[in-house]
There are 4 protein chains.
Amino acid sequence: MFELDLRSRKPIYEQLVEKLKQLIIHDVLKADEKLPSVRDLAQQLTINPNTIQKAYRELESQGYIYSVKGRGSFVHPVEKDANEEELKKVREELKKLFSEAIYLGMTAEEIHALLYEVERGKEDDSSTATS
Amino acid sequence: MFELDLRSRKPIYEQLVEKLKQLIIHDVLKADEKLPSVRDLAQQLTINPNTIQKAYRELESQGYIYSVKGRGSFVHPVEKDANEEELKKVREELKKLFSEAIYLGMTAEEIHALLYEVERGKEDDSSTATS
Amino acid sequence: MFELDLRSRKPIYEQLVEKLKQLIIHDVLKADEKLPSVRDLAQQLTINPNTIQKAYRELESQGYIYSVKGRGSFVHPVEKDANEEELKKVREELKKLFSEAIYLGMTAEEIHALLYEVERGKEDDSSTATS
Amino acid sequence: MFELDLRSRKPIYEQLVEKLKQLIIHDVLKADEKLPSVRDLAQQLTINPNTIQKAYRELESQGYIYSVKGRGSFVHPVEKDANEEELKKVREELKKLFSEAIYLGMTAEEIHALLYEVERGKEDDSSTATS
DNA sequence: GTGGTCTAGACCACC
DNA sequence: GTGGTCTAGACCACG
């Protein structure tokens with residue numbers, strides 16, 4: 001399904017959270033779709049089940065998935081504009097990164113190109129997923 | 001001078017690194033300007049000197065400051081195009097943030113506006129510094 | 001495993017960095033091989049764990065090893081041509097040493113012989129490792 | 001006469017030692033030539049006299065200069081093959097550097113080219129100095 | 001007075 | 001068990 005970098009200094013469970021977030025964001029995992037069970041995913045990735053569970057718990061608390069006892073975890077349907085709190089964080093992060101990028105010599109054009117690239121990528125993903 | 005969240009999951013020294021980086025980037029701390037001494041800052045923030053030094057050392061290895069035994073720590077003048085490695089990290093981060101921002105409902109226009117805002121801010125800083 | 005000079009003017013952690021670097025360079029410690037744990041090495045060398053960690057962290061930032069919380073520290077596989085920055089330092093050092101060696105009476109032939117010797121050593125190492 | 005990098009993490013007195021060594025090695029300062037007085041050099045470089053003296057002391061103990069009370073410091077005439085001890089150190093250093101250079105991807109040819117360059121440079125220096 | 005090193009010992013996060 | 005962070009406090013090297 002996807003790859004983890006066991007060498008990375010980033011904890012495995014965080015990598016999992018990020019990857020799954022990306023899959024949800026890019027609509028590979030659709031709203032209300034069931035996520036793989038903790039045990040399955042653990043076996044598939046040859047990783048400790050506790051680690052998977054920690055990731056799922058984190059995703060749940062961030063509002064990306066919801067869990068139903070005895071049935072599993074599912075993708076939380078998006079509520080646009082809902083999480084103003086999350087948005088605020090993202091905006092702050094963007095500001096920081098922008099100033100750092102500029103300081104390191106990137107031009108606004110380069111940054112914009114990057115944004116365009118990501119935007120295009122998203123469209124491509126959805127179309128691929130839809131087709 | 002600035003605030004730290006001692007309870008945060010993020011290590012104190014990392015918070016320090018970030019804050020100081022921002023001050024340097026935004027030209028509040030100018031090139032070759034002396035940073036507060038390890039001991040002073042430690043006392044001021046009621047934090048152990050070792051923690052400050054860890055932050056300073058990190059900043060040094062990232063090329064933002066330089067430290068001289070017996071004299072103090074100073075802001076390292078920018079070397080344009082120098083840190084391709086750092087830039088690579090920043091680009092990756094930007095991509096991730098862009099897709100997350102879009103997912104949360106931000107439009108490319110909003111993001112661009114944010115970039116413009118930061119860019120303007122930088123210009124103001126420099127003009128102030130130059131004048 | 002190896003010896004340190006606790007009286008030396010050179011800091012212990014730097015000596016450690018050098019020694020470990022040499023072990024990695026000469027393929028005694030192979031790619032992705034686990035280094036001794038911070039605590040073990042500390043006990044073995046009767047040195048404070050913090051000192052070991054400082055060495056490990058330095059090696060990590062220089063790209064020779066990577067450390068993962070809860071799992072240990074490992075030798076980082078070589079990325080050819082990666083560290084142009086490191087190379088630059090090495091070239092400068094070589095130049096200085098060459099002029100000093102010549103001053104002290106070494107001939108270019110002697111120096112070259114030394115280089116050849118080291119080169120042969122490396123080949124032997126690899127062939128041993130490969131066989 | 002020459003430049004010091006006050007920003008460098010290397011102590012000033014060590015930089016002085018290195019620079020003066022280079023001047024002696026490259027025959028810019030000839031055998032038995034008088035070095036500038038501590039006070040003069042200190043004023044010229046706007047540096048603490050103590051720092052100069054420390055450098056001179058170091059050079060003396062390494063056998064590069066000798067001091068005569070009340071008269072000053074002078075370049076020590078070379079005794080070829082004399083300092084087998086120094087040579088041994090240099091050879092060890094060369095070996096270390098060679099293996100590191102090779103590890104980082106330099107070829108024997110590149111290293112040899114560097115040696116040739118330094119050798120040529122030395123000849124040029126002497127001829128310049130002689131002319 | 002400056003940064004830098006080192007120790008001893010505690011506690012946390014991860015797996 | 002692993003690495004990572006932090007404190008308290010001592011001592012050194014530098015200018």
Side-chain angles (χ1 to χ4, degrees), chain A residues 4 6 8-16 42 45-55, chain B residues 4 6-16 34-43 45-60 65-74, chain C residues 4 6-16 34-42 45-58 60 65-74, chain D residues 4 6 8-16 42 45-55:
Chain A
L4 296 175
L6 296 185
S8 165
R9 33 178 324 98
K10 197 171 285 183
I12 295 180
Y13 89 95
E14 276 191 24
Q15 290 186 52
L16 257 173
L45 300 174
T46 58
I47 273 182
N48 191 315
N50 291 329
T51 309
I52 310 279
Q53 239 180 0
K54 187 162 188 179
Chain B
L4 295 177
L6 300 189
R7 292 183 217 153
S8 164
R9 309 171 36 94
K10 191 173 286 182
I12 299 179
Y13 86 96
E14 276 190 23
Q15 292 182 50
L16 260 171
K34 189 174 176 305
L35 297 174
S37 88
V38 170
R39 288 161 172 79
D40 278 4
L41 196 50
Q43 199 167 19
L45 302 174
T46 58
I47 272 180
N48 191 294
N50 286 327
T51 307
I52 309 283
Q53 214 181 23
K54 194 166 184 180
Y56 277 17
R57 176 158 267 250
E58 179 67 20
L59 281 168
E60 186 173 15
I65 71 173
Y66 60 92
S67 299
V68 189
K69 233 190 254 179
R71 298 199 31 240
S73 298
F74 307 84
Chain C
L4 296 175
L6 299 189
R7 293 183 214 152
S8 164
R9 310 171 35 94
K10 191 171 287 182
I12 299 178
Y13 86 95
E14 277 190 22
Q15 293 182 48
L16 259 172
K34 190 173 175 302
L35 296 173
S37 89
V38 170
R39 288 161 172 80
D40 278 3
L41 196 50
L45 301 174
T46 57
I47 273 180
N48 191 295
N50 285 329
T51 307
I52 308 282
Q53 212 180 24
K54 196 167 184 178
Y56 276 17
R57 176 159 267 248
E58 179 68 19
E60 185 173 14
I65 70 173
Y66 60 92
S67 299
V68 189
K69 232 189 255 178
R71 299 202 26 241
S73 298
F74 307 84
Chain D
L4 295 176
L6 296 185
S8 164
R9 35 177 323 100
K10 197 172 284 183
I12 296 180
Y13 88 95
E14 274 190 26
Q15 290 185 54
L16 258 173
L45 300 174
T46 59
I47 271 182
N48 192 314
N50 292 330
T51 309
I52 311 281
Q53 238 178 3
K54 187 162 188 180

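These figures come from a predicted structure and were not determined experimentally. By convention in this document, chain letters (A, B, ...) are assigned in the order of the sequence lines, proteins followed by strands, and residues within each chain are numbered from 1.
Around CD of B:Q43, the count of heavy atoms belonging to other residues, nucleotides or ligands within 6.0 Å does not exceed 12.
Using a 4.5 Å cut-off on side-chain heavy atoms (C-beta onward), B:I52 and B:L45 make contact. Looking at heavy atoms from C-beta onward, C:K54 lies out of side-chain contact with C:L16 at the 4.5 angstrom threshold.
Closest non-hydrogen pair, C:P49 versus C:V38, comes out as O-CG1, 3.5 Å. Nearest approach of C:N48 to C:A42, heavy atoms of both residues: C-CB, 4.2 Å.
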Stepwise side-chain contact (heavy atoms from CB on, under 4.5 Å) check, C:E60 with A:R9:
CA-CA 10 Å; C:E60 185 173 14; A:R9 33 178 324 98; 2.4 Å; yes
Does the pair C:Y56 and C:L35 meet the rule for a side-chain contact (heavy atoms from CB on, under 4.5 Å), with working shown?
CA-CA 9 Å; C:Y56 276 17; C:L35 296 173; 3.7 Å; yes
Contact string for nucleotides 5-15 of chain F, one letter per nucleotide 5' to 3', B = base within protein heavy-atom range under 4.0 Å, S = sugar-phosphate only, - = neither, reads BBBBB---SBS
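Atom CG of B:D40 and atom C1' of E:dG3 are 13 Å apart (whole Å). A:Q15 places its CD atom 13 Å from the C1' atom of E:dC15, with the value rounded to the nearest Å. Rounded to whole Å, atom C1' of F:dT2 lies 13 Å from atom CD1 of C:I65. Atom pair B:Q43:CD and E:dT2:C1' shows a separation of 15 Å (rounding to whole Å applied).
Remark: side-chain polar atoms of A:Q15 are paired, donor with acceptor, to backbone N or O of A:K10 under 3.5 angstrom.
A stem is defined here as three or more consecutive Watson-Crick or G-U pairs, each with both distances under 3.5 Å; for DNA chain F these stems are E:1-14 with F:1-14.
Residue C:S67 places none of its side-chain N or O atoms closer than 4.0 Å to OP1 or OP2 of F:dG3.
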